[in-house]
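What follows is a single structure, written as structure tokens, with notes after it.
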2 protein chains.
Amino acid sequence: MKLSPLGEATRRDQIVRSLRDLIVSGAVPAGERLTETDLSSQMGVSRAPLREAIRELVSSGLLVSQPYRGLFVREFSPRDLEELYSLRTTLEAMAFRHCWDLRDDAALADLDRRHCDLVRTVERGDDPARAIELELALHSWAYELSGHRLLNEAWQRIHPNLQFYFTLHQRAHSRPGPRRDAHEVYVARARGQDLRAMLDHLEDHMRQGLLHTAQLLTHDADPGIRPGTGTTTDIR
Amino acid sequence: MKLSPLGEATRRDQIVRSLRDLIVSGAVPAGERLTETDLSSQMGVSRAPLREAIRELVSSGLLVSQPYRGLFVREFSPRDLEELYSLRTTLEAMAFRHCWDLRDDAALADLDRRHCDLVRTVERGDDPARAIELELALHSWAYELSGHRLLNEAWQRIHPNLQFYFTLHQRAHSRPGPRRDAHEVYVARARGQDLRAMLDHLEDHMRQGLLHTAQLLTHDADPGIRPGTGTTTDIR
DNA sequence: AGAGATTTCATTGTCGACAATCTGAAACAC
DNA sequence: GTGTTTCAGATTGTCGACAATGAAATCTCT
């Protein structure tokens, strides 16, 4: 039996969730300045718990705070995006190395379930935000299965950033959610017996994702993107 | 010319630094409960900035907060330690892959400088806390050189945890600081041309560190430590 | 005396008000 | 006209007091 953690009672946590959803869903434009007074009055709470929630979101990278200057929704430069992808690749490779021998029938069934959810939502076509969520949830499988709490925490920290960026990207180019066949291969590799193949596919998958999103970026002056620099296993 | 970032003016940041030093230096026993009222009165500040500072330390793992229950200094289980080491190994390997081709004369001089500082402090014998600090600063070299901001952030987040644990460990067993020759090899590898050798050494170095510290742990019931599960390159 | 209900008290979570700081524009000197 | 200074307005940072919660101590009933 699996029971979800009961909702945190404290307002701070509610605010964190609420604000995170607000940002990640793209309801506020990236770079937008947020004023605490407005937020607190709109949410019907005092500034004290709001400010604590803000601290949490700042340290997870969704907000940027400049003392006495203001609070801003995070913006993504091409360089930020590349860093996000490279770190993610490294972490996910680590997750697979750790969870590889722990894959039992229950775990694989779990993987299938997540995959089915994703496919269903993608095929339905509406609710692309949900598709993004499920896409990332699919990737969460390896982290959770690994049993590595610290690794999972690290993933949970960059997870909203990816979700946020995907939403931005999708809105900007009104594209459909993630492609189906890419995940077919991913899942197949994850079910297979060849860890090396999984890691290689992972790196390709990530590199493709990076290129796919990066080539559509309008900022073209930043020389941050160098597609090389293997992040998991390539050192030869 | 290198100018250090000018000190944050806000009290919150001062409190963060002050509290972090307090914890990391071992002045407060691990597992100890901290009461906000005491802290705020002792530090001569109100609870508002204190609580915001606490949020920051909680999200970096140095404090544990249970809503309405209390605030506690983080404790390390053998499992926590293993997770810290494995994640650190992965991140540091990534740092070296990223900085490898960026090592120029200035960077190597920087590395030497850090190494000399460490050796001097270790040989002087007093101030073991400073030795720990410099030990970790030596490792920071690769992260900073890599130019990978997100990676550096991740390192900065686990950095205090390591410092904290080393302090605890050193106090408990009144041992001298880090061994000298271990870092001779580390620096030599970092200066060399063989990235593979560096990564292999890194893994050995970390595994030894883990075993060295873990075998002295008194908690022996936790089966968390399984020395296997290579974290960087071993998948053969 | 012992188990359960109740009260008490310390501590955390939240609020509204005040002080410190930044931004921008208007006033001023050259 | 240009550059500097001053001053208002708005916003963030900080404070002290109050409400909500948890845990220990006290009380009650068998």
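To find a chain, count down the sequence lines: A is the first, B the second, and so on, and within it residues start at 1. Keep in mind that the numbers below use all heavy atoms, side chains included, and drop hydrogens, waters and symmetry copies.
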Covered region of DNA chain D, 5' end to 3' end, by chain A [heavy atoms, under 4.0 Å]: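 For DNA chain D, the relevant span reads D:dT11 to D:dT14.
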
Does any residue of residues 28-36 of chain A have a heavy atom under 4.0 Å from DNA chain D, and if so, which ones, in number order?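 Going residue by residue through residues 28-36 of chain A, the ones with a heavy atom under 4.0 Å of DNA chain D turn out to be A:R33, A:L34, A:T35, A:E36.
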
Near DNA chain D, counting only heavy atoms under 4.0 Å, which residues of residues 37-64 of chain A show up?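 A:T37, A:R47, A:R51 - these, ordered by number, are the residues of the stretch whose heavy atoms sit under 4.0 Å from the strand.
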
Determine to 10° how strongly the helix from C:dA1-D:dT30 to C:dC30-D:dG1 is bent, judged from the axes of its five-pair ends.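 For the helix from C:dA1-D:dT30 to C:dC30-D:dG1, the axes at either end differ by 10°.
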
Work out which heavy atom in B:D80 is nearest to a heavy atom in B:E75; give both atom names and the distance.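 Here B:D80 and B:E75 meet closest at OD2-O, 3.5 Å.
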
Listed partners of B:H159 passing ring-ring contact (aromatic ring centres under 6.0 Å, His included), at least two apart: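 Here the qualifying residues are B:W155.
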
What is the distance from atom [atom1] of [X] to atom [atom2] of [Y], rounded to the nearest 0.5 Å?
X: A:E133; Y: A:D127; atom1: CD; atom2: CG; result: 8.0 Å
X: B:I158; Y: B:Q163; atom1: CD1; atom2: CD; result: 12.5 Å
X: B:S59; Y: B:I54; atom1: OG; atom2: CD1; result: 12.5 Å

Would B:E83 and B:R79 satisfy salt bridge (charged side-chain N to carboxylate O under 4.0 Å, His left out), going step by step from the backbone distance to the final call? CA-CA 6 Å; B:E83 293 190 352; B:R79 175 176 174 172; 3.2 Å; yes

Kindly write out the residues that satisfy side chain to side chain donor-acceptor pair (under 3.5 Å) with B:S65, not counting sequence neighbours, or none if the list is empty.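 B:S65 satisfies side chain to side chain donor-acceptor pair (under 3.5 Å) with B:R55 only.
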
Using salt bridge (charged side-chain N to carboxylate O under 4.0 Å, His left out), reason through B:R114 and B:E144 one step at a time and then give a plain yes or no. CA-CA 13 Å; B:R114 292 169 192 249; B:E144 290 175 16; 2.9 Å; yes

Against the six-membered ring of B:F76, is B:R74 placed for a cation-pi contact (under 6.0 Å from the centre, within 45° of the normal)?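 Cation-pi check for B:R74 and B:F76: passes.
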
Side-chain ion pair, B:R120 and B:D117, N-O less than 4.0 Å: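 Salt bridge: yes.
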
Look at the aromatic rings of B:H148 and B:H98 and report parallel, tilted or perpendicular, splitting at 30° and 60°.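 If you compare the ring of B:H148 with that of B:H98, the planes turn out perpendicular.
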
Close side-chain approach of B:L108 and B:W141, heavy atoms under 4.5 Å: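 With C-beta onward as the side chain, the pair touches.
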
